[in-house]
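One structure is given here, and the rest of the page talks about it.
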Amino acid sequence: VHRTKVRVVEGVLDANDTIAQANRADFDRAGVCVVNLMSAPGAGKTTLLERVLGGLGVRAGVLEGDVQGSLDADRLAALHVPVIQLNTDPGFGGECHLDANMVRSALGAMPLADIDLLVVENVGNLVCPAEFRIGEDARVMVSSVTEGEDKPLKYPLMFRQCDLVLVNKIDLLAHLDYDLDLFLHHLDAVHPGVPRMLVSARTGEGVGAWRDWLLERVAERARTAAPA
Ligand SMILES: Nc1nc2c(ncn2[C@@H]2O[C@H](COP(=O)(O)OP(=O)(O)OP(=O)(O)O)[C@@H](O)[C@H]2O)c(=O)[nH]1
Ligand SMILES: [Mg+2]
């Protein structure tokens, strides 16, 4: 029974990867850089986007994944960027992540030809989103200091599969017994040397580096897409 289950899961992930490749082809055609933004609920994904998307200097769009509601999409629509809300409940059975097919279902409504950067804010969850590629260029995860230093050890896949870790809410460090060095030690144990930035969406500290990182990814994407 156990073996059968494992095969089913592998089949689901294979099917997901096929659709992710179709998404990738659409993004390539449109020349769009896509960032998959993931974290536990409340780590600060939407606030960090509010901080960088206004006046970014490249044309951005956001795909908001939530189980229910449009609270985050409403917040980001105030920045006058195209935002599409994807609800996994009821449309996709209340799933705890976005998969390639859900993203695909929303692409028709996103003006890909008119944007350079698409940020996909995934459903708040440290487990499931790590398993599903959506056709993205880069995976960024937010780990806030209120979550504890042990999270890389408890959710290694999420920390291992990302290209950048934003350590958020550092404005709160003075009020916590969180040991930043210990967190970074655990991070390096599961993903040695992964790029990381210490940020506060509240005070804006480190947000410039996060903005520059996004701009560099867009520029890199444009360079690799340019005809030889
Ligand atoms: N002190 C402090 N609070 C923050 C910071 N970033 C976010 N918050 C607060 O944390 C709460 C959650 O932030 P959100 O940006 O909604 O988090 P999220 O990851 O988008 O949450 P979900 O989409 O529900 O998973 C809000 O009350 C924010 O104001 C920060 O750097 N410092
Ligand atoms: Mg959010």
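Order of listing sets the numbers, starting from 1, for every ligand and every atom in it.
- Of the possible polar contacts, none joining the Asn122 side chain to the Leu37 backbone as a donor-acceptor pair under 3.5 Å is found.
- At a heavy-atom cutoff of 4.0 Å, ligand 1 is contacted by no atom of Ser144, backbone or side chain.
- Heavy atoms of Glu50 come nearer than 4.0 angstrom to ligand 1 in no pair at all.
- Rounded to the nearest 0.5 angstrom, Asn168 CG and Arg202 CZ are separated by 9.5 Å.
- Interface of Ser39 with ligand 1, defined as ligand atoms under 4.0 Å from a residue heavy atom, comprises 19 (O).
- The shortest distance between side-chain heavy atoms of Asp17 and Phe132 does not fall below 4.5 Å.
- Under the 3.5 Å distance criterion, the side-chain polar atoms of His186 are left unmatched by any main-chain donor or acceptor of Leu153.
- Taking a cut-off of under 4.0 Å to the non-hydrogen atoms of Ala201, the atoms of ligand 1 that pass are 6 (N), 30 (C), 31 (O).
- Close N/O approach between Ala43 and ligand 1 is found [any backbone or side-chain N/O within under 3.5 Å].
- Taking distance alone, with nitrogen or oxygen atoms compared against 3.5 Å, Gly44 approaches ligand 1 more closely than that limit.
- At a heavy-atom distance under 4.0 Å, no atom of Thr203 approaches ligand 1.
- A salt bridge between Arg221 and Asp28 is present, with a side-chain N of the basic residue lying under 4.0 Å from a carboxylate O of the acidic one.
- Atoms of ligand 1 found under 4.0 Å from any heavy atom of Pro41, numbered from 1 in the order shown, are 25 (O).
- Atoms of ligand 1 lying under 4.0 Å from any heavy atom of Thr47, numbered from 1 in the order shown and given with element: 7 (C), 13 (O), 14 (P), 15 (O), 28 (C).
- Short contacts between ligand 1 and Gly124, defined as distances under 4.0 Å to a heavy atom of the residue, involve ligand atoms 25 (O).
- The Arg75 neighbourhood of ligand 1 comprises atoms 15 (O), 16 (O), with distances under 4.0 Å to a heavy atom of that residue.
- Numbered from 1 in the order shown, with element, the atoms of ligand 1 that lie under 4.0 Å from a heavy atom of Lys45 read 15 (O), 17 (O), 18 (P), 19 (O), 20 (O), 21 (O), 22 (P), 23 (O), 25 (O).
- Which parts of ligand 1 touch Glu121 is read off a 4.0 Å heavy-atom cut-off, strictly below it: atoms 20 (O), 23 (O).
- Gly42 N, 3.9 Å is the protein heavy atom nearest to atom 24 (O) of ligand 1.
- Counted by atom type alone, Arg139 and Asn36 present zero donor-acceptor pairs between their side chains at under 3.5 Å.
- For the pair Glu131 (side chain) and Cys128 (backbone), a donor-acceptor distance under 3.5 Å is absent.
- Formation of a donor-acceptor pair under 3.5 Å by the Asn16 side chain with backbone atoms of Asp99 is not found in this model.
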